[in-house]
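A quick write-up on the structure given underneath.
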Amino acid sequence: MIITRFAPSPTGYLHIGGLRTALLSYLWARRNGGKFVLRIEDTDQSRNNEEAAQAILNAFEWMGLEYDGEITYQSQRGDIYKQYLQQLLDEGKAYYCYMSREELDALREKQTANKERPRYDGRYRDFDGTPPEGIEPVIRIKAPQEGTITVNDGIKGDITFNVDDILDDFIIARSDGAPTYNFVVTIDDALMGINEVIRGDDHLSNTPKQMVVYKALGLDLPKFYHVPMIHNQQGKKLSKRDGATDVMAYKEMGYLPEALLNFLVRLGWSHGDQEIFSMEEMKSLFDPADINKSASIYNVEKLDWLNAHYIKNLDNATLATLLESHDIYLLSHDKREIILDAIKERAKTLQEMAKLIKEILDTPTEYDPKAMKKAFKGEAVSVLESFIDKLQSTPDLHLPIDYHAVMEAVVNDLGIGFGKIGQPLRVALVGKLAGPGLDNIMAIIGVEETTKRVENVIAAIGEAT
RNA sequence: GGCCCCAUCAUCUAAUGGUUAGGAUUCAAGGUUUUCAUCCUUGCCAUAGGGGUUCGAAUCCCCUUGGGGUCACCA
């Protein structure tokens with residue numbers, strides 16, 4: 001059975017790049033009927049906090065990503081790590097190193113000055129003398145000192161490192177006894193039965209180290225997939241300065257989870273010419289082996305297009321529910337269907353939808369001067385007056401077609417084109433020259449409010465002249 | 001700087017030795033729409049450069065250039 005994982009360190013919110021590797025791991029597990037587990041890497045006490053872990057969970061919930069089993073917290077597994085640390089010590093595969101930070105720094109400085117690679121020189125590797133006083137030792141692992149290590153990556157193929165270029169006896173436990181990242185990741189992945197690791201390729205250089213730990217512990221290696229990074233417009237790794245990187249910020253901006261997931265799965269992966277993927281399709285089609293080797297640039301325009309697509313295809317009840325977090329309450333509004341049908345093809349985000357709905361529901365408080373100038377030349381005022389008369393004298397106005405009939409009657413009576421009434425009426429209703437169909441707007445706000453808005457604009461024209 | 005990775009339209013990608021290099025987003029034009037948006041049609045735009053191998057190269061090899069990642073008692 002394939003078991004994948006997502007292992008964030010809770011130092012803040014869930015990052016969009018993290019969400020992507022989580023999604024890919026999730027999809028691959030689901031496609032294979034395997035498991036997708038979650039591990040919180042909270043070993044660094046000073047940087048972690050509970051809110052951050054909760055924020056990650058919230059984002060998972062919003063996205064609809066379900067993990068299997070219980071969450072593993074590294075902070076609760078100290079005893080396990082100690083046990084394996086002791087095992088390596090007992091087997092002579094790791095050792096105490098009494099070098100002080102100052103000595104280490106000095107060594108590194110000297111090496112850098114000599115244009116050598118900064119590395120630990122192994123001075124305590126075979127030490128059996130009396131340890132110096134007053135030094136709390138770190139534990140280092142005996143890493144191979146020659147030869148090569150090859151990572152068999154499922155995306156990039158075989159990558160061979162020269163041990164001499166990249167390794168030294170790296171620290172697996174700090175002087176306070178706390179185990180380090182490359183050590184605990186290995187133990188956890190192995191103990192949790194994770195056999196397929198899908199992670200960002202910024203981890204590629206960690207992999208040889210982790211392989212050293214796997215080997216020392218006699219554990220089976222998982223299959224690795226190192227997914228290329230997401231870059232910003234400048235071609236650099238996406239960072240906080242690049243705008244929205246917090247997954248939950250997308251909720252606030254009015255993006256739908258399905259749009260964001262669809263967008264992320266298509267970054268670096270494709271299936272023929274298909275652009276739209278439902279969750280079910282992703283689960284049955286995604287394969288990490290098909291991921292591109294190159295980094296991809298994060299491009300909001302495609303996300304906007306996808307989001308608009310998903311909004312258009314959402315049913316109105318769901319839409320109304322979602323809009324409540326954007327201060328629009330339509331669930332029991334009697335014109336709900338007309339409103340949403342009129343708006344949902346015009347917005348890229350829920351936030352934008354909310355704005356457009358407010359523009360219809362709220363009486364305009366100001367008029368775009370350019371629109372006024374353009375709409376109110378010639379007989380516009382008297383056309384509007386005729387329209388109001390007709391409106392008042394027509395009974396049973398409910399649906400958009402009813403209002404449309406009134407407009408039609410007026411243009412026929414006066415022998416004018418639709419534009420002659422459409423433009424001034426539009427300015428009266430929403431204050432500008434763009435927006436949904438006039439018949440829809442009037443059906444939503446009703447005869448009384450329509451009349452009021454027309455009277456308002458006529459009054460405003462009177463003031464202006 | 002050492003090591004590693006990468007390279008097809010502006011962007012996301014397809015084409016696993018033979019295609020007029022395809023699709024999508026963006027942009028532009030036209031149509032539909034009283035307007036705007038949607039939608040439909042059309043258009044613009046790419047194999048980084050140089051050498052090989054081959055009847056034939058975006059595809060395989062080498063070099064160059066460019067970009068990225070990583071080098072902690074962080075994760």
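Here is the naming used below: chain letters follow the sequence lines, and residue numbers restart at 1 for every chain.
Comparing atom distances between the A/S205 side chain and each of B/rU70, B/rU13, B/rC3 picks out B/rU70 as nearest. When each of B/rC73, B/rG69, B/rC3 is scored by its nearest atom to the side-chain atoms of A/I166, the top-ranked nucleotide is B/rC3. Of the candidates B/rG69, B/rC73, B/rC5, B/rC73 carries the atom nearest the A/V138 side chain, counting heavy atoms from C-beta on. The side chain of A/L267 lies closest to B/rC12, out of B/rC73, B/rC6, B/rC12. Of the candidates B/rC3, B/rU13, B/rG23, the closest approach to any side-chain atom of A/D273 belongs to B/rG23. Among the nucleotides B/rA75, B/rU70, B/rC5, the one closest to the side chain of A/N182 is B/rA75. Considering only side-chain atoms of A/D202, the nucleotide from B/rC73, B/rU38, B/rG69 that sits closest is B/rG69. Ranking B/rA37, B/rA75, B/rG69 by closeness to the A/E345 side chain, first place goes to B/rA37. When distances run from any side-chain atom of A/R426 to the nucleotides B/rC12, B/rU35, B/rA75, the shortest one goes to B/rU35. When distances run from any side-chain atom of A/F161 to the nucleotides B/rU70, B/rC4, B/rU38, the shortest one goes to B/rC4.
If you take CZ of A/F224 and C1' of B/rG69, they are 17 Å apart, rounded to a whole angstrom. Atom NZ of A/K237 and atom C1' of B/rA75 are 11 Å apart (whole Å). Taking atom CD1 of residue A/I311 and atom P of nucleotide B/rU38, one finds them 13 Å apart after rounding to whole Å. Note: NZ (A/K420) to P (B/rU35) measures 14 Å, nearest angstrom. Between the NE2 atom of A/H309 and the C1' atom of B/rA24 there is a distance of 13 Å, given to the nearest Å. The distance between atom CZ of A/F6 and atom P of B/rA75, rounded to the nearest whole Å, is 17 Å. Straight-line distance from the CG atom of A/D105 to the C1' atom of B/rC73: 11 Å, rounded to whole Å. A/Y96 places its OH atom 15 Å from the C1' atom of B/rC73, with the value rounded to the nearest Å.
Using a 4.0 Å heavy-atom cutoff across all strands shown, A/P436 reaches at least one base atom of the nucleic acid. Looking at heavy-atom distances under 4.0 Å, A/M353 makes no contact with the nucleic acid at all. Counting non-hydrogen atoms under 4.0 angstrom, A/I297 reaches the backbone sugars and phosphates but no base. Nucleic acid contact class of A/Y298 (heavy atoms, under 4.0 Å, all strands): none. Among the heavy atoms of the strands lying under 4.0 Å from A/G437 is at least one base atom, whether or not backbone atoms are also near. Using a 4.0 Å heavy-atom cutoff across all strands shown, A/R119 reaches no nucleic acid atom at all. Heavy atoms of A/K432 sit nowhere under 4.0 angstrom from any nucleic acid atom. Counting any heavy atom pair closer than 4.0 Å across all strands shown, A/L306 reaches no nucleic acid atom. Within 4.0 Å (heavy atoms only), A/H231 reaches sugar-phosphate atoms of the nucleic acid but no base atom. Nucleic acid contact class of A/R266 (heavy atoms, under 4.0 Å, all strands): base. Backbone-only engagement by A/G235 is indicated by non-hydrogen atom pairs under 4.0 Å involving sugar-phosphate atoms exclusively.
Residues A/L264 and A/L19 have side chains in contact (heavy-atom distance under 4.5 Å, counting atoms from C-beta outward). In this structure, the side chains of A/Y95 and A/L88 stay at 4.5 Å or more apart for every pair of heavy atoms. Here the side chains of A/D402 and A/D439 are not in contact, with every heavy-atom distance at 4.5 Å or above.
When the side-chain nitrogen and oxygen atoms of A/S296 are compared with OP1 and OP2 of B/rU13, one or more of them lie within a distance under 4.0 Å. OP1 or OP2 of B/rA37 has not a single side-chain nitrogen or oxygen of A/K344 nearer than 4.0 Å. For B/rC73, the OP1/OP2 oxygens have a side-chain nitrogen or oxygen of A/R108 closer than 4.0 Å. OP1 and OP2 of B/rC4 both lie 4.0 Å or more from every side-chain N or O belonging to A/N162. Between A/K348 and B/rA37 there is no side-chain polar atom (N or O) within less than 4.0 angstrom of OP1 or OP2.
B/rA10 sits 9 Å from B/rU47 when the P atoms are compared, rounded to a whole Å. Going from the P atom of B/rG67 to that of B/rU53 covers 31 Å, rounded to whole Å. If you take atom P in B/rU54 and the same atom in B/rA48, they sit 23 Å apart, rounded to whole Å. Going from the P atom of B/rU16 to that of B/rC55 covers 22 Å, rounded to whole Å.
Between the side chain of A/E275 and the base of B/rG23, at least one donor-acceptor pair of N or O atoms lies under 3.5 Å. Put simply, the side chain of A/N299 and the base of B/rA10 share no donor and acceptor less than 3.5 Å apart. In terms of polar N and O atoms assigned as donor or acceptor, the side chain of A/T180 never comes within less than 3.5 Å of the base of B/rC73 in a complementary pairing. For A/K302 against B/rA24, a side-chain-to-base donor-acceptor contact under 3.5 Å is present.
Summary of the strand contacts: A/P8 and A/N292 both lie near RNA chain B, and taking for each the nucleotide with the nearest heavy atom, the more 5' one is attributed to A/N292. Mapping A/K312 and A/A7 onto RNA chain B by nearest heavy atom places A/K312 closer to the 5' end of the strand.
For A/F263 and A/Y298, the distance between ring centers is under 6.0 angstrom.
Inspection of the A/E258 and A/S278 side chains reveals no N or O donor paired with an N or O acceptor under 3.5 Å.
The pairing partner recorded for B/rU70 is B/rG2, the criterion being a Watson-Crick or G-U wobble arrangement whose two distances lie under 3.5 angstrom. Checking B/rA46 for Watson-Crick or G-U wobble geometry (two distances, each under 3.5 Å) identifies no partner in any strand. Within the shown strands, nothing qualifies as a pairing partner of B/rU8 under the Watson-Crick or G-U definition with both distances less than 3.5 Å. The nucleotide B/rA14 finds no pairing partner, because no Watson-Crick or G-U wobble arrangement with both distances shorter than 3.5 Å includes it.
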*asked:* Run the salt bridge (Lys or Arg N to Asp or Glu O under 4.0 Å) test on A/K156 and A/D201 for me, step by step, so that the C-alpha distance in whole Å, both residues' side-chain angles and the decisive distance to 0.1 Å come before the verdict.
replied: CA-CA 10 Å; A/K156 308 204 186 221; A/D201 74 359; 2.8 Å; yes

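Taking the ring axis of A/F170 as reference, the NZ or CZ atom of A/R140 does not stay both within 45° of it and closer than 6.0 Å to the ring centre.
The OG atom of A/S25 sits 9.5 Å away from the CD1 atom of A/I194 when rounded to the nearest 0.5 Å.
Scanning both residues, A/I291 and A/L24, for their nearest heavy atoms gives CD1-CD1, 3.8 Å.
Within a 6.0 Å sphere centred on CD of A/E449, heavy atoms belonging to other residues, nucleotides or ligands number more than 12.
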